[in-house]
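Chain identifiers are assigned alphabetically (A, B, ...) following the order of the sequence lines, protein sequences preceding nucleic acid strands; residue numbering begins at 1 within each chain.
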Amino acid sequence: MKLFAKDRPEIPIVDHLKADGTEWTIKEKLWLGLSIDEYKKQFFRNPVNWLMISIFSIGIPLILGRYVFGLGWVTHSSNDYPWGLFLGFGLFGMVPLSASGFMLGTTVELFGRKDFHSIERLALLNGLLGYFFAVIFLEVDLGMPWRLPYPMFVSLGPAAVLFLVAWHVATYLSVQVAEVLPAFFEWIGWLQGKRIIRKWVLGLTISGIILSTLHQGALGALFTYAPAKVHPLWLSVNFQWIHYFCSSIFAGLSMVIISSTLIKNFMGWRCDDGFKDNLDYVTIGLAKGASYAMITYLVIKLVAIAHDQEWAYLLTGWGSYYMLELGVGVVLPMFMFAVGIRNQWVALIRLGAFITVIGIIWNRLNTALVCYNWQMYQEIPHWKEVWITVTIYSLYFLTYRFIVYRLPIVYGWQGEK
Amino acid sequence: MKQLLNRRNFLKGGLAATASAAVLKNKKTEAHSFEGYPDGMGVLVDLTRCVGCRSCEAACNKEQGLPEPAKPFDDFSVFDEMHHGQKRRTDETAYTIVNRYDVPEIDHPLFRKIQCNHCEEPACLTSCFVNAYTKTPEGAVIYNPKVCVGCRTCMIACPFYIPTFKYSSAFKPRIMKCIFCYDTRLKDGKPPACVEACPQEALTFGKRTDVLKMGKQRIQQKAGKYVDHIYGEHEVGGTAWMYISDVPFDKVGFDTHVPKEPILNSVKEFLGIVPMVLTIWPGLFVGFHLLATRKDKVKEMKEAEDRNNNDEKEGQA
Amino acid sequence: MRTRKKIVRTAFALAIGTVFIVPSQTWCMDASDAPESVTIDTMSDLYGPVEFDHLMHSEYASCQECHHQTTGEIVVDPNCGRCHHSHDENDIVSCSECHEADRFNKTYLKTLENPELYHFDKPGLKGAFHLNCVRCHEITSGPTGCQECHTMTEAGEKRFNTGSYAPAKGTASSGHEH
């Protein structure tokens, strides 16, 4: 893109109008204002796309096979480990990383911190896509994916935690669509729609907080159904929902730091100066928020161990693993954030954010797979299961990139607002 | 019991209200009883009687129309099978399994039959978000494949690792689990096929309260023979199938760490906060918003005032 | 721990199903009052009838070890002796008269609800047979495998997927394999 952006002033598209004063059509906007040949050229020049192609060439047939031959064809069909990577990573990992939407929504719209405005849309989009793809992962994992609406409309079990998750994720997904729509309306040039959403924004933001608190917590609470199966260090009946909610805060913030870093480095042509100039300041701000959440999280983790009298477990092998997870996944990045904030070392913060995200995924996988059935045996996912997980994550990546390429997420729309 | 019921209904009510409030949609909340029924049936399994003949497995297979087994039911080499270091378990081809345990203190092997224990307050039922499970007045925990979405939370929640999933099917997968022969026998007052097949009467069928009494009597009358514990009397809030044994239960594969209260109790911590978040959060955050944006408002007002003043001044001038 | 001796003492207790013995004038019965052999066929379906050699078994064990107090001998289990100490032979000696063949049917279960009933945990007929035969056979190295006493019928082979109904090797489904 850089190539075209250099010698064609109207590219990248930031306005309804071309250089000659005529309007871009939606189709032209979709092709980024390039001719099809130009589009192909830039597409195949990018090595990431080749990686994607190779992942999809095996992944897509595997996904199709899953729907034709059943889950047993791509997983180990374990009755001991009913949830594998699709949920362990796809649902339990993706959802906390998508807490960014409600976090930044709250910061900007509710607390009036306009200084974070430049990252708000990216955070909202990050949230929306994370949730959307968590649902996609769910659709791969569900035995009867065509019955997804059953808990909503056909047969209701309102006393189940999963019922809350289903309703809240579904509702929150709609809220997030509404929150991201203004960018889309600007892009297609339908200002009426944007104005309508603008009126709802406070309501949407507050419902976002409520729904997020509850379903982030509910994901943790799901494991309280298995008090005898999950290792006691990873399961606190009383505090599980707070652990999950609290860790989602710094997970979501760190995910936005990573995503904005990638966008700045590899999609510089798409960012406007407002985004680029503000990014370091915003990143430090996000890291501050994340550090507060992290220290809170560590304290509640400690409280949980004290409450359940689990000190003895810390001396076992599982205890060392537990401390390794917390040490590498939370304490280390927290220090990196602290040092980074004090010395304004944004690169250190970015590295810390990366470690945080890995740490959260690690924690969720530990709860759902590694420390689940800790007294039994360790389930190693089938290679097809791993490949499908990677494939869907790549699809997430592509969709993310597709939208950021086009909609005014990291740049301001120059046309009428 | 009554207290429990009230609390549960309270939670359910709270959750239902929550869900409706969240989506502004009134929904029918079918009242499901999570209580054990007073006339529910049960089975007492006496481990001292079981000889591992696998007649129950064979009977179950035929009664439930399950697939042909890999090995004949009179082939006892299955007792040596290990999968991931574990003895055999229920799966989509078998609702009940007998496993052999060699306990060093005892000169002969012991056998333990596993199947659904038909909890009084089943974890599978309480964790199911489409109400696919029902605890019938006869004591069976049955499953409705017509509404199941295949999320497999019941398999996570079941403390006994009983529900299994028909992974082999792409178009008609379902949970496969013992249903106490509800459709074909229990609802007509007949014992399940496995009980009827047992030559040793290691399985005694009757009202749960009666077989519980029997278990206590056996323990008392044969003083010293049995371990003084009925597994299932209190485990996870009580189960319809209960076990007595002459060796400590953990030596014959029982999980003795399962809670002595319904699994739902460990979830209630979270369920309790739901109505709170729903009612308190909106007010709280609107308050935060007003506080946080107060300065802006004040500034706006001031500007407006200044403008008015200027206008007035101009008017005067 | 289970006490083996107690089992021996109560073993052989209830082995005969269909035999019906006319009480004799003697104070106490002995083995010569009983038939030499009894065919147990009340429940033959999966397994054929069993020819029980009563005479042979009576040489191994005394009557009360199978028949409790009914033959007029002193009951083995002292706990039973607390009530059953009359030393009078009963009118009923055959197993099936006391031990219900259809142990778990609704009507029978209903009778167990009587709060006055002491013997509410009485095994059914099939249970009574096997509990006594198998335990004693284990100790005396008698036959313990199902088909050492019973011949399996075709219905039995079908039920157990064995014999002519054995699963073909390799084609059988197994949910165990991962």
With salt bridge (Lys or Arg N to Asp or Glu O under 4.0 Å) as the criterion, how do A/Lys114 and A/Glu120 come out once you've worked through the C-alpha distance, each side chain's angles and the decisive distance to 0.1 Å? CA-CA 9 Å; A/Lys114 296 282 188 291; A/Glu120 187 192 358; over 6 Å; no
Between B/Lys135 and B/Glu120 (salt bridge meaning N to carboxylate O under 4.0 Å), is one present in this structure?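 Yes.
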Fit a plane to each ring of [X] and [Y], take the angle between them on a 0 to 90° scale, and name the class: parallel (under 30°), tilted (30 to 60°) or perpendicular (over 60°).
X: A/Phe111; Y: B/Phe285; result: perpendicular
X: A/Tyr131; Y: A/Tyr172; result: perpendicular
X: A/Trp73; Y: A/Phe69; result: tilted
X: A/Trp374; Y: A/Trp318; result: perpendicular
X: B/Tyr243; Y: B/Phe254; result: perpendicular

Most chain B-contacting option - heavy-atom pairs closer than 4.5 Å, from [options]:
options: A/Leu142, A/Leu110, A/Thr106, A/Val237; result: A/Leu110
options: A/Leu71, A/Ile210, A/Leu162; result: A/Leu162
options: A/Glu379, A/Met376, A/Glu109, A/Gln375; result: A/Met376

The criterion is side-chain contact (heavy atoms from CB on, under 4.5 Å); which residues satisfy it with A/Lys288, sequence neighbours excluded?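 Scan of A/Lys288 (side-chain contact (heavy atoms from CB on, under 4.5 Å), adjacent residues dropped) gives A/Ile284, A/Ile341.
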Check: A/Thr75 main-chain N/O paired with A/His382 side-chain donor or acceptor under 3.5 Å: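 Side chain of A/His382 to backbone of A/Thr75: no pair is present.
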Between [X] and chain B, with a heavy-atom cut-off of 4.5 Å, which part of the residue counts as in contact: side chain, backbone, both or neither?
X: A/Ile206; value: side chain
X: A/Tyr150; value: both
X: A/Thr205; value: neither
X: A/Ala170; value: neither

For chain A, which of [options] has the most heavy-atom pairs under 4.5 Å?
options: B/Pro163, B/Pro259, B/Cys128, B/Ser168; value: B/Cys128
options: B/Thr293, B/Ile273, B/Asp255, B/Val258; value: B/Ile273
options: B/Cys158, B/Ala123, B/Pro159; value: B/Cys158
options: B/Phe165, B/Tyr161, B/Phe171; value: B/Tyr161

Given a strict heavy-atom distance threshold of 4.5 Å, which part of B/Lys146 is in contact with chain A: side chain, backbone, both, or neither?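 For B/Lys146, the backbone is the part near chain A, not the side chain.
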So for B/Thr164, is it side chain, backbone, both, or neither that comes closer than 4.5 Å to the heavy atoms of chain A?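 Answer is both: backbone and side chain atoms of B/Thr164 are under 4.5 Å from chain A.
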A/Leu148 and A/Leu138: side-chain contact (heavy atoms from CB on, under 4.5 Å), yes or no, with the steps? CA-CA 9 Å; A/Leu148 190 68; A/Leu138 188 68; 4.0 Å; yes
Under 3.5 Å side-chain donor-acceptor pair for A/Asp80 and A/Ser78: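 Not at all, the side chains of A/Asp80 and A/Ser78 share no donor-acceptor pair under 3.5 Å.
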State whether a side-chain donor-acceptor pair under 3.5 Å links B/His229 with B/Glu235.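 Note: B/His229 and B/Glu235 side chains meet the donor-acceptor criterion.
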Looking only at heavy atoms, which of residues 223-235 of chain A get nearer than 4.5 Å to chain B?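 Interface residues of residues 223-235 of chain A: A/Thr224, A/Tyr225, A/Ala226, A/Pro227, A/Ala228, A/Lys229.
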Spell out the residues in residues 238-245 of chain A that have some non-hydrogen atom less than 4.5 Å away from a non-hydrogen atom of chain B, in order of number; otherwise answer 'none'.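 Residues in range: A/Asn238, A/Trp241.
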A/His117 atom NE2, neighbour heavy-atom count above 12 within 6.0 Å: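 Open.
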Can you give me every donor-acceptor pair (side chain of residues 148-155 of chain B, partner residue at least two apart or in another chain, under 3.5 Å) with its distance?
| from | atom 1 | to | atom 2 | distance (Å) |
| --- | --- | --- | --- | --- |
| B/Arg152 | NE | A/Pro82 | O | 2.9 |
| B/Arg152 | NH1 | A/Asp141 | O | 3.0 |
| B/Arg152 | NH1 | B/Gly150 | O | 3.2 |
| B/Arg152 | NH2 | A/Pro82 | O | 3.0 |
| B/Arg152 | NH2 | A/Asp141 | OD1 | 2.8 |
| B/Arg152 | NH2 | A/Asp141 | OD2 | 3.0 |

To the closest 0.5 Å, what do you measure between SG (B/Cys119) and CD1 (B/Ile263)?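 Reported to 0.5 Å precision, the distance equals 8.0 Å.
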Checking side-chain contact (heavy atoms from CB on, under 4.5 Å) for the pair A/Leu365/A/Phe89: CA distance, chi angles, key distance, verdict? CA-CA 6 Å; A/Leu365 286 178; A/Phe89 173 80; 4.2 Å; yes
